[in-house]
Amino acid sequence: MNARPKKSFGQHFLHDRRYLDRIVASIAPKDGDTVVEIGPGEGAMTIPLLAAARRMTAIELDTDLIPGLQARAADVGELRIVHSDVLKVDFTALARELGAERLRIAGNLPYYISSPILFHCVEHAAAIQDMHFMLQKEVVDRMAAEPGSKVYGRLSVMLQLACKVTPLFTVPPGAFRPPPKVDSAVVRLVPLPPEQLPKGDAANIYKVVKAAFAMRRKTLSNTLKGLVDEATIRDLGIDPRARAETLPPGDFVKLANAI
Ligand code: SAM
């Protein structure tokens, strides 16, 4: 226990029992669930999750933490530790390998790569039942933001097109060792059922969302020049003078399908 936390791995170990209990209660793992934790660290969340799920998988990049974690888990349940960068883990293949229909993913994420991890998980959404993540509160606010909000942007649209996003509670810096500089928050992501997923080309949706938010203050007819012309935007029932920050996620799909 109590290894020196490494800044380069984004290590902030959660030690406040009250927040750990709230996270585990929010996940409510059951015997038989296929739980996968991203970045178990010293096992603050792993041990209570393992106690409930009986067997689980954890993905950790820092080799130094693995033997201690394995030892701590020995009497609790069956912990399989995958030593890897989570961005290299194919969750669809992992679910198949673990014989699970879908995975329950959880983690107090390393903040330096939180957005890439979110996008990576969304790519494998069909193999995921739900996700519970601790992130910077500012990121959770952006994930859940609605059109018209100052923080509504690419992250909000791309995540909300794939998942139901529910912010759960805020966690103060003092709950971690060392304390991060910002407030954190726990969020639940539940992938949408296939019939609610956008019917459109993912690459085009990404292109439209990226272009539309590249200059937040500009109108759609400006930002989408070269992708969708003004008359087409109007024909879709969308005001070409509107700005991306006012458009609901579904409108970006309509625009993408008009490319
Ligand atoms: N779950 C522990 C806790 O709550 O105390 C540790 C959380 S700490 C914020 C993030 C963890 O992610 C660290 O254990 C760190 O080593 C690990 N990590 C960092 N980058 C990673 C990556 N690319 N892939 C997998 N794990 C990573």
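Rounding to the nearest 0.5 Å gives a distance of 12.0 Å between CG of L118 and CD of E123. One distance of note links CD1 of I105 with CD1 of I128; it measures 3.5 Å at 0.5 Å rounding. The line from OG1 of T46 to CG of N108 is 10.0 Å long, rounded to the nearest 0.5 Å. Between the OG1 atom in T34 and the CG atom in L98 there is a gap of 6.5 Å [rounded to 0.5 Å].
Side-chain atoms of Q136 and D183 include no donor-acceptor pair closer than 3.5 Å. Side-chain atoms of D235 and T232 include no donor-acceptor pair closer than 3.5 Å. Looking only at atom types and distance, the side chain of S184 has a donor-acceptor partner in the side chain of Y111 under 3.5 Å away.
Pairs passing the side chain to side chain donor-acceptor pair (under 3.5 Å) check and including a residue from residues 142-158, sequence neighbours excluded, read E138-R142, R154-Y206.
No donor-acceptor pair closer than 3.5 Å links the side chain of Q129 to the backbone N or O of E101. Although no hydrogens or angles enter the test, the distance criterion places a donor-acceptor pair under 3.5 Å between the side chain of S26 and the main chain of R22. E37 places no side-chain N or O within 3.5 Å of a backbone atom of T57 that could act as its donor or acceptor partner. Between the H12 side chain and the F176 main chain, no donor and acceptor come within less than 3.5 Å of each other.
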Next item on the list: Decide yes or no on side chain to side chain contact (heavy atoms under 4.5 Å, CB included) for F9 and L65, but give the supporting numbers first.
Entry: CA-CA 11 Å; F9 285 117; L65 296 172; over 6 Å; no
Next item on the list: Please report the C-alpha distance between R55 and L79 in whole Å, then the side-chain angles of each, then the deciding distance to 0.1 Å, and finally whether the side chain to side chain contact (heavy atoms under 4.5 Å, CB included) criterion is met.
Entry: CA-CA 6 Å; R55 78 175 60 81; L79 177 65; over 6 Å; no
Next item on the list: Given side chain to side chain contact (heavy atoms under 4.5 Å, CB included), test L255 with L227 step by step and report yes or no.
Entry: CA-CA 9 Å; L255 289 164; L227 287 175; over 6 Å; no
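Nearest heavy-atom pair across A162 and V122 is CB-CG1, 3.6 Å.
Within a 6.0 Å sphere centred on CG of D85, heavy atoms belonging to other residues, nucleotides or ligands number more than 12. Within a 6.0 Å radius of NZ in K6, other residues, nucleotides and ligands contribute more than 12 heavy atoms. At most 12 non-hydrogen atoms from other residues, nucleotides or ligands lie less than 6.0 angstrom from CZ of R241. No more than 12 heavy atoms of other residues, nucleotides or ligands lie within 6.0 Å of NZ in K181, so this atom counts as exposed by the packing criterion.
Ion pair E97/R80 flagged as a salt bridge, since at least one NZ, NE, NH1 or NH2 atom sits closer than 4.0 Å to an Asp/Glu carboxylate oxygen. R234 has no carboxylate O lying under 4.0 Å from a charged side-chain N of D239, or vice versa, which leaves the two without a salt bridge. Salt-bridge annotation for D21 and R18: absent, with no side-chain N of the basic residue lying under 4.0 Å from a carboxylate O of the acidic one. Note on R177 versus E42: salt bridge recorded, some NZ/NE/NH1/NH2 to OD/OE distance being below 4.0 Å. Remark: R188 does not engage D130 in a salt bridge, criterion side-chain N to carboxylate O under 4.0 Å. At a threshold of 4.0 Å, the pair D31-R54 does not count as salt-bridged, since none of the basic side-chain nitrogens sits closer than that to a carboxylate oxygen.
Considering only residues two or more places apart in sequence or on other chains, F252 meets the ring-ring contact (aromatic ring centres under 6.0 Å, His included) condition with F213. With sequence neighbours excluded, the residues satisfying ring-ring contact (aromatic ring centres under 6.0 Å, His included) with H120 are F91, H124.
Looking at I23 and I27, their side chains come closer than 4.5 Å, going by heavy atoms from C-beta outward. Between P29 and V24 there is a side-chain heavy-atom pair separated by less than 4.5 Å.
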